[in-house]
2 protein chains.
Amino acid sequence: MIRPERIPSTEPTGPTHERVFRALRTRIMHGEITPGQAMTIRGIADEFDVSMTPAREAVRRLTAEGALSMSSTGRVTAPLLSTERIEELASIRALLEPELAARAQPRAHLALIERLQNINTTIEQTIVKNDAVGYIRANLEFHRTLYLRAQAPAMLAMVETVWLQMGPTMSALYARLQRPNAAGNHRTAIAALRVGDEPGLKLAIRADVTQGLRMLSA
Amino acid sequence: MIRPERIPSTEPTGPTHERVFRALRTRIMHGEITPGQAMTIRGIADEFDVSMTPAREAVRRLTAEGALSMSSTGRVTAPLLSTERIEELASIRALLEPELAARAQPRAHLALIERLQNINTTIEQTIVKNDAVGYIRANLEFHRTLYLRAQAPAMLAMVETVWLQMGPTMSALYARLQRPNAAGNHRTAIAALRVGDEPGLKLAIRADVTQGLRMLSA
DNA sequence: CATGCGCTTTTGTGATCACAGACCGGTGCC
DNA sequence: GGCACCGGTCTGTGATCACAAAAGCGCATG
């Protein structure tokens, strides 16, 4: 194996295939990939300046998570989801995320709530600026920040997989959505978090998750 | 690449890495792997008479699903789950599977119910024979057969991932469990299915999923 | 002008190899 | 006798290559 230069840099660390994997994964989750967009393993390898092997493994992991879909001939594309599939994924979110929120609630201290409020401010700014990618990223950060307190890594991983699968479609959906009221739902969630109102919290999260679905039929 | 013999056999079809992947996956899901058991990529490759490449990809996909865990140095083992992790996975099942059952219920016709009853008979036999692997396999087949009618592939895939993660631990758990009453829960589920009692069906499934958890603390 | 058809290029797949680091002995030292 | 060190071996990682099949494409034909 040829290692032309040994860079002791402060890069993310980890094997090459993981670096490629993480880069592609966040790209997909943030909606920076157009649904139906075709990708080639060699193209990915060239882009990251690695050989085919790690690129292939990254693609495999992503297809295993449903983030990418692979035709029978092996062509790799970002999946474009049918309406039923999106409804299904939203249902999963609606089932799991309130539970995660409820589990996080007793452990949520003041610093966390303030962080959530800050993130929500960022979300409002992205809405004003019509910044789709920034909105998706901040919105996910809000949810992840809350759910991390739930101490339920498997459940969080599962929800993240759903986010990942919806990623490419979400940005396409954002285009036809002028003013998402996620910030409002988040505010009521934060308020419920403050007073320890678990049913209210679960309802707010469920509403937040379900809300994006309504624009599908519209 | 050397293809020593072109076998036009009726084998499962598909690329080599997928064949290896499926074989390992069902092996793990059926609890035929001891938790903590170490595996090597070269060992897998030798066992299936393939090179390292497809073996590696199969392992990657499985680790991506949480079916295998990989240490920082790259050693591959079947994960041994903490009690909290098992509780968490069971919670996911308890959230998703009743929903799947409810979605399957309006589409469940008589032939399906009879198939479920047949599978349940098999389950009872495996209990009598103390056949752990057979029990797990039949039990999963019962649930999968029902959920396939839900027409919710993403949700089913998610639940299967959970089954996969619990696989190695399940068989170890079965050892200390004399007579699982899954068959009883399944019977009430079937009865609820017959009369179209959705709340009863969801409760029966939830009970069936949660039941296995009680023996953890015992 | 549309539509097959054959060729060229591209692409995924799997095997093989070189290398670095981890693992696991034994062996010598304290 | 216990423990640290050191060697060989094993194992994961990544690059490279050969091959088959699919995809793109131009050309000739109806």
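Note on naming: letters A, B, ... go to the chains in the order of the sequence lines (proteins, then strands), and numbering restarts at 1 for each one.
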(request) Starting from the 5' end of DNA chain C, give me the residue, A:Ile41 or B:Pro54, whose nearest nucleotide shows up first. (result)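 Nearest-nucleotide comparison on DNA chain C picks A:Ile41.
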
Looking at [X], does any N or O in its side chain come under 4.0 Å of the phosphate oxygens OP1/OP2 on [N]?
X: B:Thr16; N: C:dG14; value: yes
X: B:Arg42; N: C:dC17; value: no
X: B:Arg60; N: D:dT13; value: yes

(message) Is the shortest side-chain heavy-atom distance between A:Ser51 and A:Pro54 below 4.5 Å?
(response)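 They are in side-chain contact.
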
Indicate, with a heavy-atom threshold strictly under 4.0 Å, whether [X] touches base, sugar-phosphate, or nothing.
X: B:Arg75; value: sugar-phosphate
X: B:Thr53; value: base
X: A:Thr40; value: sugar-phosphate

Euclidean distance, atom [atom1] of residue [X] to atom [atom2] of [N] [Å, nearest integer]:
X: B:Phe21; N: C:dT13; atom1: CZ; atom2: C1'; result: 17 Å
X: A:Ile44; N: C:dT13; atom1: CD1; atom2: P; result: 12 Å
X: A:Asp46; N: D:dA15; atom1: CG; atom2: P; result: 12 Å
X: A:Glu57; N: D:dT13; atom1: CD; atom2: C1'; result: 8 Å
X: A:Met52; N: C:dT16; atom1: CE; atom2: P; result: 17 Å
X: A:His17; N: D:dG12; atom1: NE2; atom2: C1'; result: 8 Å
X: B:Asp49; N: C:dG14; atom1: CG; atom2: C1'; result: 14 Å

(message) Of the listed nucleotides (C:dG14, C:dC17, D:dA22), which one gets closest to any side-chain atom of B:Ser51?
(response)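 So the side chain of B:Ser51 is nearest to C:dG14.
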
(message) I'd like to know whether the aromatic ring centres of A:His143 and A:Tyr147 sit less than 6.0 Å apart in this structure.
(response) yes

(request) Using a strict cut-off of less than 4.0 Å between a Lys/Arg side-chain nitrogen and an Asp/Glu carboxylate oxygen, indicate whether B:Glu65 and B:Arg25 qualify as a salt bridge. (result)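 Salt bridge: yes.
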
(message) Tell me whether A:Arg61 is salt-bridged to A:Glu57, with the criterion being a basic N under 4.0 Å from an acidic carboxylate O.
(response)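 Not counted as a salt bridge, because no side-chain N and carboxylate O are separated by less than 4.0 Å.
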
(message) Within the 3.5 Å criterion, strictly below it, is a donor on B:Ser91 or B:Glu87 matched to an acceptor on the partner's side chain?
(response)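 A donor-acceptor contact under 3.5 Å links the two side chains.
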
(request) Could you say whether A:Arg56 or B:Met70 is positioned toward the 5' end of DNA chain D, judged by the nucleotide with the nearest heavy atom to each? (result) B:Met70

